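Just the heavy atoms: all of them, side chains too, but no hydrogens, waters or symmetry mates, feed the values below. Being a predicted model, the structure only gives us computed values, none of them experimental. Each chain gets a letter, A, B and so on, in the order the sequences are listed, and its residues count up from 1.
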Amino acid sequence: MPNHWLFKSEPGAYSWDDLVRDRVAEWDGVRNFTARNLLRDEIKTGDLVLFYHSNAKPPAVVAIAEVVRDGYPDHTAWDPASDHPDPKSTPAKPRWYMVDIVPREKLAREVSLDEVKTVPELSDMVLLRQGRLSVQPVRPAEFETIVRMAGTPR
DNA sequence: GCCAACGTTGGC
DNA sequence: GCCAACGTTGGC
């Protein structure tokens, strides 16, 4: 069984449409140890990802992506020309990790953060409990609930 | 643009 | 190892 996750991205930086255009993305630039540990150790090929637009109007889950490569070192960390270099990370001792994802399907309609907050069975989502974590686990039931909401008119 | 929450850094 | 200072995220 695949595991389920939620990845956040600011659409101004990298949107769902960007992923569709690129067909595959290296999920680079994550610079948080909790998220790093998930990327390095837990998130595996075949896992499903809720793609969330943060800092959007409204912030919302917009689509489903799929992991196509297990965690590997984020090479942008030791590239001084990248958007998020970290001199403490080297090829010999990588500090940050990433996975590759591909677009799987856009939700029939997006499910906003406000809407997530109204659903009792979603009240324990990491999205609500620990709002700032940009790569986070999602329970299978939570994943199913959101997908179902996306197919159901308000 | 503001600011609360919270993760990270570094002095001690 | 503690904790103050600082930086970032992200909702509003």
- [ ] Mind running side-chain contact (heavy atoms from CB on, under 4.5 Å) on A:Glu115 and A:Leu122 for me, showing each step along the way?
- [x] CA-CA 10 Å; A:Glu115 219 179 329; A:Leu122 298 179; over 6 Å; no
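What separates CZ of A:Arg31 from P of B:dT9 is a distance of 12 Å, to the nearest Å. Taking atom NZ of residue A:Lys57 and atom P of nucleotide C:dG10, one finds them 17 Å apart after rounding to whole Å. For the pair A:Asn32 CG and C:dT8 C1', the interatomic distance rounds to 10 Å; values are reported in whole Å. The distance from atom CG of A:Leu128 to atom C1' of C:dG10 is 13 Å, rounded to the nearest whole Å. A:Arg129 has its CZ atom 20 Å from the C1' atom of C:dT9, to the nearest Å. The interatomic distance linking A:Arg36 (CZ) with B:dG7 (P) rounds to 15 Å, in whole Å. The distance from atom CG of A:Leu6 to atom C1' of C:dT9 is 15 Å, rounded to the nearest whole Å. To the nearest angstrom, C1' of B:dT8 lies 15 Å from CG of A:Asn37.
Residue A:Arg95 is in sugar-phosphate contact alone, with no base atom involved, counting any heavy-atom pair closer than 4.0 Å across all strands shown.
Checked for salt-bridge contact, A:Arg36 and A:Asp74 miss the test: no charged N lies under 4.0 Å from a carboxylate O. At a threshold of 4.0 Å, the pair A:Asp86-A:Arg31 does not count as salt-bridged, since none of the basic side-chain nitrogens sits closer than that to a carboxylate oxygen.
A:Asp100 places no side-chain N or O within 3.5 Å of a backbone atom of A:Val68 that could act as its donor or acceptor partner.
Exactly one of A:Trp96, A:Trp5, A:Phe51 qualifies for a ring pair (Phe, Tyr, Trp, His ring centres under 6.0 Å) with A:Trp27. That residue is A:Phe51.
Near-neighbour residues of DNA chain C inside residues 47-55 of chain A, defined by a heavy atom below 4.0 Å, number-ordered: A:Tyr52, A:Ser54, A:Asn55.
Between A:Gln130 and B:dG7 there is a side-chain polar atom (N or O) within less than 4.0 angstrom of OP1 or OP2. For B:dT8, neither phosphate oxygen OP1 nor OP2 lies less than 4.0 angstrom from any side-chain nitrogen or oxygen of A:Lys88. Here A:Lys8 does not reach the OP1 or OP2 of C:dT9: none of its side-chain N or O atoms lies under 4.0 Å away.
Atom CZ of A:Arg21 has more than 12 neighbouring heavy atoms from other residues, nucleotides or ligands inside a 6.0 Å radius.
No hydrogens or angles were tested; on distance alone, a donor-acceptor pair under 3.5 Å links the side chain of A:Arg132 to the base of C:dT8.
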